[in-house]
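Structure record follows, encoded as structure tokens.
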Protein chains: 2
Amino acid sequence: MENRIQRIKEALQEAQYKLTPQREVTVKVLLENEREHLSAEDVFLKVKDKYPEIGLATVYRTLELLSELKILDKINFGDGVSRYDLRKEGAKHFHHHLVCMECGAVEEIEEDLLEDVEKIVEKEYNFKVLDHRLTFHGICGNCQSKKD
Amino acid sequence: MENRIQRIKEALQEAQYKLTPQREVTVKVLLENEREHLSAEDVFLKVKDKYPEIGLATVYRTLELLSELKILDKINFGDGVSRYDLRKEGAKHFHHHLVCMECGAVEEIEEDLLEDVEKIVEKEYNFKVLDHRLTFHGICGNCQSKKD
DNA sequence: CTGCTTGCAAAAGTTTTGCATGTAC
DNA sequence: GTACATGCAAAACTTTTGCAAGCAG
């Protein structure tokens with residue numbers, strides 16, 4: 001965890017961005033809540049606990065910056081807000097999501113699963129795939145058993 | 001085309017919704033621009049050409065209604081707006097998209113391609129898949145050749 | 001007729017921007 | 001010291017809602 005903070009800091013510096021305490025706290029919050037899919041507002045509130053002077057605009061600016069550096073991925077599950085998800089270290093591609101239409105739970109899938117599909121797309125559609133977004137909508141195990 | 005309008009009308013009636021001229025014009029616009037991925041504002045402007053008295057709120061309400069009936073799918077490519085895409089007739093699942101990061105063009109893929117992946121998800125993650133969203137981000141054929 | 005629909009305007013909510021001030025390098 | 005960052009407030013957008021009036025069935 002300390003390692004990952006360190007590496008993100010280095011990425012910021014390499015890209016000529018300053019290491020401000022606000023950015024540091026924001027990164028920390030993102031790492032501590034890696035399994036959640038926080039909205040900008042969510043991040044803002046959690047950062048505010050550790051650093052009360054922060055402004056919402058700064059959080060937005062930091063999230064945008066981290067997305068630009070491909071440390072974060074911005075994702076949208078269809079409710080009105082953008083959510084942010086840390087990219088797994090070393091992952092070439094964004095991971096996938098399972099959204100339960102019953103309870104709203106979001107699970108992550110780290111397996112790639114799309115290698116074959118991407119090959120087909122590159123060949124048949126002459127499209128160079130650089131990244132993807134895949135979300136399944138359905139019923140999670142929990143809600144399935146509740147129905148029985 | 002006339003057929004599809006007819007069938008959409010029937011779907012509305014079956015669900016006890018009224019056939020207002022505003023709804024009719026909106027459906028027509030959607031059919032005429034099937035290859036585009038129109039935002040609510042886009043639809044509003046095109047409907048306004050044929051039916052100037054229409055209000056933006058009515059368009060939003062109609063789009064929501066058609067989504068509910070699974071005639072439309074709401075999709076989000078990461079710019080700030082929701083876009084709407086007609087579901088292909090008879091398609092169980094939403095089709096996929098190729099978004100070019102260079103020129104912004106959006107191409108559609110109607111092949112399913114995900115059957116195997118969905119089987120894995122159902123088995124390994126105990127998740128009943130009902131629908132999916134798959135978008136590839138990359139470089140389209142056109143932009144690839146421009147670079148040479 | 002009756003209840004669903006509409007148009008308008010206002011409201012709600014998210015995200016962006018301008019600007020004076022602050023601060024990492 | 002200088003250029004980049006920040007906080008605040010205002011602005012810009014998209015989407016939703018309340019309500020009186022309209023109209024499809």
Side-chain angles (χ1 to χ4, degrees), chain A residues 5-6 8-29 37-69 71-84, chain B residues 5 8-29 37-69 72-84:
Chain A
I5 293 198
Q6 204 46 49
I8 293 175
K9 281 190 190 172
E10 282 161 20
L12 279 170
Q13 285 187 304
E14 255 176 62
Q16 315 269 17
Y17 291 114
K18 290 180 182 166
L19 251 54
T20 66
Q22 290 92 331
R23 287 178 181 166
E24 224 173 311
V25 174
T26 303
V27 167
K28 208 165 177 193
V29 161
H37 295 82
L38 302 178
S39 67
E41 184 82 26
D42 294 337
V43 174
F44 172 62
L45 291 174
K46 284 181 191 293
V47 171
K48 223 172 160 60
D49 282 346
K50 306 186 194 240
Y51 193 103
E53 317 89 292
I54 200 160
L56 177 56
T58 302
V59 170
Y60 270 102
R61 287 188 276 232
T62 302
L63 293 173
E64 196 195 328
L65 190 164
L66 294 172
S67 300
E68 201 178 285
L69 295 178
I71 291 164
L72 275 187
D73 285 293
K74 196 177 185 177
I75 190 172
N76 200 299
F77 291 126
D79 53 347
V81 296
S82 295
R83 299 181 176 278
Y84 296 86
Chain B
I5 292 197
I8 293 175
K9 280 190 190 171
E10 282 162 21
L12 278 170
Q13 284 188 304
E14 255 175 63
Q16 314 270 18
Y17 291 113
K18 290 181 180 164
L19 252 52
T20 66
Q22 290 92 331
R23 286 177 182 165
E24 224 172 311
V25 175
T26 303
V27 167
K28 207 165 178 194
V29 162
H37 294 82
L38 302 178
S39 67
E41 183 82 26
D42 295 337
V43 175
F44 172 61
L45 291 174
K46 284 180 193 294
V47 172
K48 221 171 160 66
D49 283 345
K50 305 184 194 241
Y51 194 103
E53 318 88 293
I54 200 159
L56 178 56
T58 301
V59 171
Y60 270 102
R61 287 187 277 232
T62 302
L63 293 173
E64 196 195 329
L65 191 162
L66 294 173
S67 300
E68 202 178 283
L69 296 178
L72 275 187
D73 285 293
K74 197 178 186 179
I75 190 172
N76 199 299
F77 291 127
D79 52 349
V81 297
S82 294
R83 299 180 175 279
Y84 296 86

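Protein chains get the first letters and strands the later ones, always in sequence-line order, with residue 1 at the start of each.
Put simply, chain A comes within 4.0 Å of DNA chain D, heavy atom to any atom, from D:dA3 to D:dC8, going 5' to 3'.
Put simply, B:Q22 has a side-chain N or O that comes within less than 4.0 Å of OP1 or OP2 on C:dG7. Distances shown here put every side-chain N or O of A:T20 at or beyond 4.0 Å from the OP1 or OP2 atom of C:dT23. The shortest distance between the side-chain N/O atoms of A:S82 and the OP1/OP2 oxygens of C:dT15 is below 4.0 Å.
Considering only heavy atoms from C-beta on, A:I54 comes within 4.5 Å of A:T26 through its side chain. A 4.5 Å side-chain heavy-atom check between A:D42 and A:H37 finds every atom pair outside the cut-off. Residues A:K46 and A:L38 are in side-chain contact: their nearest non-hydrogen atoms beyond the backbone lie under 4.5 Å apart. A:I8 has its side chain out of reach of A:L69: every pair of non-hydrogen atoms, C-beta onward, lies at least 4.5 Å apart. Here the side chains of B:V29 and B:K50 are in contact, with some heavy-atom distance below 4.5 Å.
Protein atom CD of B:E68 is 11 Å distant from nucleotide atom P of C:dT5, rounded to whole Å. The CG atom of A:L38 sits 14 Å away from the P atom of C:dT14 (whole-angstrom rounding). Between B:Y51 atom OH and C:dT5 atom P the separation is 14 Å, expressed in whole Å. Following rounding to the nearest Å, A:K9 (NZ) and C:dA24 (P) show an atom-to-atom distance of 13 Å. Atom CG in A:L63 sits about 14 Å away from atom P in C:dT14, given to the nearest Å. As rounded to whole Å, 14 Å separates atom C1' of C:dG3 from atom OH of B:Y17. Note: CD (A:E24) to P (C:dA24) measures 10 Å, nearest angstrom. Rounded to whole angstrom, the span from the CD atom of B:Q13 across to the P atom of C:dC4 amounts to 16 Å.
If you check every strand for non-hydrogen atoms under 4.0 Å, B:F44 touches nothing. Within 4.0 Å (heavy atoms only), B:L56 reaches at least one base atom of the nucleic acid. Residue B:E41 is out of contact with every strand shown, counting any heavy-atom pair closer than 4.0 Å. Counting any heavy atom pair closer than 4.0 Å across all strands shown, B:R23 reaches sugar-phosphate atoms only and no base atom. Within 4.0 Å of A:S39, counting heavy atoms only, lies no atom of the nucleic acid at all. A:P21 comes within 4.0 angstrom of sugar-phosphate atoms only, judged by non-hydrogen atoms across all strands, and of no base.
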Original post:
Checking side-chain contact (heavy atoms from CB on, under 4.5 Å) for the pair B:K48/B:V59: CA distance, chi angles, key distance, verdict?
Top reply: CA-CA 10 Å; B:K48 221 171 160 66; B:V59 171; over 6 Å; no
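Applying the 6.0 Å contact sphere to CD of B:E53 captures more than 12 heavy atoms from other residues, nucleotides or ligands.
Checking side-chain atoms of A:R83 against main-chain N and O of A:F77 turns up no donor-acceptor pair under 3.5 Å.
Both B:K18 and B:K74 sit near DNA chain D, but only B:K74 has its closest nucleotide nearer the 5' end.
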